Enquirer: 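I'd like to ask you about the structure that follows.
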Amino acid sequence: MPKKVIKNQADKIDADLDPVLKRIENAGVLLDTKWLNKINKEVSDKLLTLSGLIYKHSHRDFNINSPSQLATVLFEKLHLPTAGIAKTKTGFSTAASELNKLKGAHPIIEPILEYRELEKLRNTYLETLPKLVDKDSRLHTHFSQNTATGRLSSSEPNLQNIPIRTETGEKLRHAFIAPEGFELISSDYSQVELRVVAHISQDKRLIDTFLKNEDIHARTAAEIEGVPIDEVTKTQRHKAKAVNFGIIYGISAHGLAEGTGMSYGEAKEYIDKYFTLHPNIKKYIKDTILFAQQKGFVQTLLGRKRELPEVNSNIVNVRLAAERMAINAPIQGTAADLIKLAMIEIDKNLGKISPKSKMVLQIHDELLFEAPEGEVAKVADFVKETMENIYPLDVPLTVNIEAGPSWGATKPI
DNA sequence: AACTAGGCT
DNA sequence: GTATAAGCCTAGTTG
């Protein structure tokens, strides 16, 4: 096999990271199978109750896991209103986002939503993970580097999508534990993608926010609504947060409206105000699309390229989709470059600082370690320091560190 | 294999 | 409104 030719900095990063990823995969992460089985039992009981309730409300037995059968029950048998319900290629959508619109219309909706959540948790995690542990009760994922933006991906099992959002989902994280005498340390970059946006776009307000270490979403809300930052309401902050995410994804009024419940017009107005306040972000978007159209690719701060010939497509949807990718790829990809650099550097030195400590996972902007109880503070300091200083930008990178006996029970240290 | 759905950052 | 927020992986149903 010929050695891979290294053409640029991103290729070198990926090559240097490869052996690090191998070590992480080999280390694995300890799983508390007993705890998982206990949750599985509770979830299975609940599912039985829920399916009974759903059958009672629908006056029939059917396969709740079949979107087509569920749509028939909801819209043809129970005659729930279809106004405003999205359509898929095959009929009315039964996605959670659509069912949420029907919550008040029929008591069957709530149990369906809960059923869906618990089925997902049971089938994807509770049933599957215990089957994949090795003889030492450890899970070994496989990391891949060949993604569109430079992020890692994780498979068999994917340990980058372990639940956290719901109450039951969060319980699952408690199954990821440290061995006896050890703790898990979690270190995650705070708002790394928006900090990358601030650096790349040189947007004044964004840079100022991060220099002052202000709450970015509250500040955005304050500026758009024209109120003092400490008078921003929860709703206002929530909307601003959606806009900030939208910037990273290549915002559209429709997408923002979907994500927040704003009307299309309100969303459009909100975005216009945002760009008035952040002219350099508007410029970044414009310049990036132009660059992509002329060169056929975009690139990250460290030169990682993504080919995007579709930005010149005559097909409107194809072109617009490519434009959003062009906006997002340098942001997401730069964040990926930064944490990869940090991982390489940490791997180089961790053995000297704490020989028994190990890096065990990467979840895009977070690293997970296990460290002997007595060395947690030392390892945490080293990790934080390395991540924050890995590649100085025009805004500080900040890292939140937590530690605890399990991934679900880490607390700030 | 296509489609729908949903877990994470 | 033609379409519609970025990147992943996995599971179940359907034909």
Side-chain angles (χ1 to χ4, degrees), chain A residues 62-71 86-99 112-113 115-129 132 141-166 168-170 172-173 188-194 196-197 242-260 264-265 267-268 271 285 298 306 308 315-333 335-336 339 361-367 407:
Chain A
F62 67 101
N63 187 345
I64 309 168
N65 293 334
S66 162
S68 128
Q69 291 183 39
L70 181 59
K87 282 197 148 186
T88 67
K89 290 176 183 176
T90 49
F92 286 109
S93 169
T94 67
S97 57
E98 306 309 310
L99 296 185
I112 289 173
L113 288 167
Y115 175 92
R116 279 261 179 84
E117 178 204 331
L118 296 182
E119 268 282 296
K120 177 73 178 180
L121 296 181
R122 180 170 68 169
N123 294 337
T124 309
Y125 306 99
L126 296 169
E127 289 287 335
T128 317
L129 293 179
L132 294 173
T141 187
H142 171 73
F143 283 112
S144 174
Q145 296 210 70
N146 50 13
T147 60
T149 58
R151 271 191 175 187
L152 301 182
S153 72
S154 158
S155 62
E156 285 181 303
N158 181 355
L159 295 183
Q160 291 182 317
N161 72 344
I162 299 303
I164 191 171
R165 200 171 36 81
T166 64
T168 312
E170 198 264 346
L172 234 141
R173 286 218 169 194
D188 73 274
Y189 279 119
S190 165
Q191 304 294 351
V192 63
E193 292 190 338
L194 284 173
V196 167
V197 170
V243 172
N244 283 328
F245 271 100
I247 294 304
I248 291 165
Y249 296 154
I251 200 158
S252 75
H254 180 91
L256 181 60
E258 282 289 310
T260 58
Y264 182 85
K268 194 168 181 326
I271 293 168
I285 292 171
V298 291
R306 177 173 186 181
L308 283 171
I315 303 162
V316 178
N317 299 335
V318 172
R319 185 172 69 244
L320 291 176
E323 287 179 3
R324 291 194 297 273
M325 294 173 201
I327 295 163
N328 173 265
I331 303 167
Q332 191 183 115
I339 196 164
L361 282 182
Q362 188 253 43
I363 313 96
H364 309 302
D365 60 0
E366 173 184 6
L367 298 176
W407 200 6

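All chains are named by letter (A, B, ...) in the order of the sequence lines, taking the proteins before the strands, and each is independently numbered beginning at 1. It should be emphasised that the depicted structure is a prediction, and the values quoted were computed from it without experimental measurement.
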Enquirer: What integer distance in Å separates A:I64:CD1 from C:dA11:C1'?
Expert: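 Whole-Å distance recorded here is 16 Å.
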
Enquirer: Roughly how many Å apart are B:dG6 and C:dA3, using the C1' atom of each and rounding to a whole number?
Expert: 22 Å

Enquirer: Could you tell me the separation between the CG atom of A:N63 and the P atom of C:dT13, rounded to a whole number of Å?
Expert: 5 Å

Enquirer: How do A:R151 and A:E156 order along DNA chain C: which one's closest nucleotide is nearer the 5' end?
Expert: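 Its nearest nucleotide lies further toward 5', so the answer is A:R151.
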
Enquirer: Given C:dA6, C:dT14, B:dT4, which nucleotide is nearest the side-chain atoms of A:S66?
Expert: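 Output: C:dT14.
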
Enquirer: Just jot down the salt bridge (charged side-chain N to carboxylate O under 4.0 Å, His left out) partners of A:R122, sequence neighbours excluded, or say none.
Expert: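 Residues passing salt bridge (charged side-chain N to carboxylate O under 4.0 Å, His left out) with A:R122: A:E119.
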
Enquirer: Atom CG of A:L320 and atom P of C:dT4: how far apart are they, to the nearest Å?
Expert: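 Those two atoms, CG and P, are 11 Å apart.
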
Enquirer: What distance, rounded to whole Å, do you find between the two C1' atoms, one in B:dA2 and one in C:dA5?
Expert: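 About 24 Å, rounded to a whole number of Å.
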
Enquirer: Looking at A:E98 and A:R116, does any basic side-chain N land under 4.0 Å from a carboxylate oxygen?
Expert: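 The answer is no: the pair does not qualify as a salt bridge.
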
Enquirer: Closest to the A:N317 side chain: C:dA6, C:dT2, B:dC8?
Expert: C:dT2

Enquirer: Taking any heavy-atom pair under 4.0 Å as a contact, classify A:R306: base, sugar-phosphate, or nothing.
Expert: sugar-phosphate

Enquirer: In this structure, how many angstroms lie between the P atom of C:dT10 and the CD atom of A:E117, rounded?
Expert: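 Those two atoms, CD and P, are 21 Å apart.
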
Enquirer: Please confirm whether the shortest side-chain N or O distance from A:S252 to OP1 or OP2 of C:dA5 is below 4.0 Å.
Expert: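 Answer no for this pair, as no side-chain N or O of A:S252 is under 4.0 Å from OP1 or OP2.
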
Enquirer: Please indicate yes or no: is the ring centre of A:H254 less than 5.5 Å from the centre of the six-membered base ring of C:dT4, with the two planes inclined by under 30 degrees?
Expert: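 By the stated criterion, A:H254 and C:dT4 stack.
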
Enquirer: Please check the phosphate of B:dG6 (OP1 and OP2 only) for any side-chain N or O of A:R165 closer than 4.0 Å.
Expert: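 Result: no.
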
Enquirer: If you measure from the ring centre of A:Y249 to the centre of the six-membered ring in the base of C:dA6, is it under 5.5 Å, with the planes under 30° apart?
Expert: yes

Enquirer: Measure from the side chain of A:Y125, starting at C-beta and using heavy atoms only, and say which of C:dA6, B:dA5, B:dG7 lies closest.
Expert: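 Of all the options, the side chain of A:Y125 is nearest to B:dG7.
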
Enquirer: Could you work out the separation of B:dT4 and C:dT2 based on their C1' atoms and round it to a whole Å?
Expert: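 B:dT4 and C:dT2 have their C1' atoms separated by 23 Å.
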
Enquirer: Can a side chain N or O of A:K89 be found less than 4.0 Å away from OP1 or OP2 on B:dC3?
Expert: yes

Enquirer: Using whole Å, report how far CD1 of A:I248 lies from C1' of B:dT9.
Expert: 10 Å

Enquirer: Under a 3.5 Å threshold, yes or no: a donor from one side chain and an acceptor from the other, between A:T166 and A:T168?
Expert: no

Enquirer: What integer distance in Å separates A:N65:CG from B:dG6:P?
Expert: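 So the CG-P distance, A:N65 to B:dG6, works out to 11 Å.
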
Enquirer: At 4.0 Å (heavy atoms only), tell me whether A:A242 reaches a base, stays on the sugar-phosphate, or touches nothing.
Expert: base

Enquirer: Starting at atom CD of A:Q69, determine the distance to atom C1' of B:dT4, rounded to an integer number of angstrom.
Expert: 14 Å

Enquirer: When you measure from the side chain of A:S93, which nucleotide among C:dC8, B:dA5, C:dC9 comes out closest?
Expert: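 Nearest nucleotide to the side chain: B:dA5.
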
Enquirer: State whether the side chain of A:T128 and the backbone N or O of A:N123 hold a donor-acceptor pair below 3.5 Å, judged by distance alone.
Expert: yes

Enquirer: What's the closest nucleotide to the A:A148 side chain, out of B:dC8, C:dC8, C:dT10?
Expert: C:dC8

Enquirer: Output the rounded distance in Å from CG (A:L367) to P (B:dC8).
Expert: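 Distance check: A:L367 CG to B:dC8 P gives 19 Å.
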
